[in-house]
Amino acid sequence: MELGRELGELYQRLLGSFGHRNWWPGETPFEIMVGAVLTQNTAWLNVEKALANLKEAGVFTPAKMAALPREELAKLITPAGYYNVKAQRLGNFLALLAGKYRGRIPSLAKRPTQALREELLAVNGIGPETADCMLLYALERPVFVIDAYTFRVLSRHGLARAPYDYPVLQAMFMENLEQNVEFYNDFHAQLVHLGHHFCKRGKPLCDLCPANGWRGRP
DNA sequence: GACCAGGCACATC
DNA sequence: GATGTGCATGGT
């Protein structure tokens, strides 16, 4: 049984059930990158409040955010939780952006994917998921994003086993599927949607789960 | 009032 | 190298 085919069929079934998810919510690459940090272990609804605060305060540009005292930045992003940690992490990212790219996302976007990924991972506070969200959703690079939902859904569908291992799971997707930005974008979004609404602990298996009727065909 | 949410870094063994 | 812990708000 071929993994790529199985994953592809899972995607088709998700697409058929939910339609295109149209991710990532956010109007600019910068907004998506900031959102990627703010959403770390945090419900998106709270991230939206923090983003709205930044916009209302008129500081939602790389230069203005970088110039903001750390406590003021923390105050604005309070609704997103872990606000002290995240203010520091955003500061670290903004420092990379300002220091190496003159605060310009288009300059940063000229870097090749792997080099950029390593630069992002070198920022304290940007781990693999945050970096890959930035690469896929803000910069449109064909990088598959793994997260807690991905692992949960795959486990429940018998396609992955503990322990949670980011590189292993990522390779599962990228070595068995076509490396395509639109596809990766929507597939990950579908997995989050499924995990969020149906594939939860304490919930019965949804009709997309193998144990509840799904046998690998859409 | 518990439990969870689109992680990550760091301490400790 | 594996395991545990701090960070924090807001919705269900």
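First the proteins, then the strands, lettered A, B, ... as listed; each starts at 1.
Taking every heavy atom of both residues into account, A/Phe151 and A/Arg161 meet most closely at CE1-O, 3.7 Å. Between A/Gly58 and A/Lys64, the closest heavy-atom pair is O-CD, 3.3 Å.
One can place CE of A/Met134 at 10 Å from P of B/dC8, the figure rounded to the nearest angstrom. Rounded to whole angstrom, the span from the CG atom of A/Asn92 across to the C1' atom of B/dC10 amounts to 15 Å. To the nearest angstrom, C1' of B/dC8 lies 10 Å from OH of A/Tyr82. If you take CG of A/Asn124 and C1' of B/dC8, they are 8 Å apart, rounded to a whole angstrom.
Set against B/dA5, B/dC8, B/dA9, the side chain of A/Glu129 has B/dC8 as its closest nucleotide.
Chain A approaches DNA chain C within less than 4.0 angstrom (heavy atoms of the protein), and the contacting nucleotides run 5' to 3' from C/dC7 to C/dG11.
Using a 4.0 Å heavy-atom distance criterion, A/Ile126 is classed as a sugar-phosphate-only contact. At the heavy-atom level, A/Lys86 lies nowhere under 4.0 Å from the strands shown.
A/Arg117 places a side-chain heavy atom less than 4.5 Å from the side chain of A/Pro128.
With hydrogens and angles disregarded, no donor-acceptor distance shorter than 3.5 Å links the side chain of A/Thr39 to the backbone of A/Ala36. Of the possible polar contacts, one joining the A/Thr42 side chain to the A/Gln40 backbone as a donor-acceptor pair under 3.5 Å is found. The backbone N or O of A/Leu76 sits less than 3.5 Å from a side-chain atom of A/Asn53, completing a donor-acceptor pair.
Near DNA chain B, meaning a heavy atom under 4.0 Å from it, residues 140-148 of chain A has A/Asp147, A/Ala148 in order of number.
Between A/Phe18 and A/His193, the ring planes are perpendicular. Angles over 60° get that label, and only those under 30° would be called parallel.
Side-chain contact of A/Tyr11 with A/Asp186: a donor-acceptor pair under 3.5 Å is present, judged by distance alone.
Of the P atoms belonging to C/dG10 and B/dC8, the separation is 22 Å, rounded to the nearest Å. With C1' as the reference atom, B/dA5 and C/dT3 are 22 Å apart, rounded to whole Å.
Along DNA chain C, the nucleotide closest to A/Leu45 and the one closest to A/Thr42 are compared, and the more 5′ of them pairs with A/Thr42. Both A/Leu121 and A/Cys133 lie close to DNA chain B; mapped to their nearest nucleotides by heavy-atom distance, the more 5′-ward contact belongs to A/Cys133.
Shown are A/Tyr184, A/Phe30, A/Trp23; of these, the ring-ring contact (aromatic ring centres under 6.0 Å, His included) with A/Tyr137 is made only by A/Trp23.
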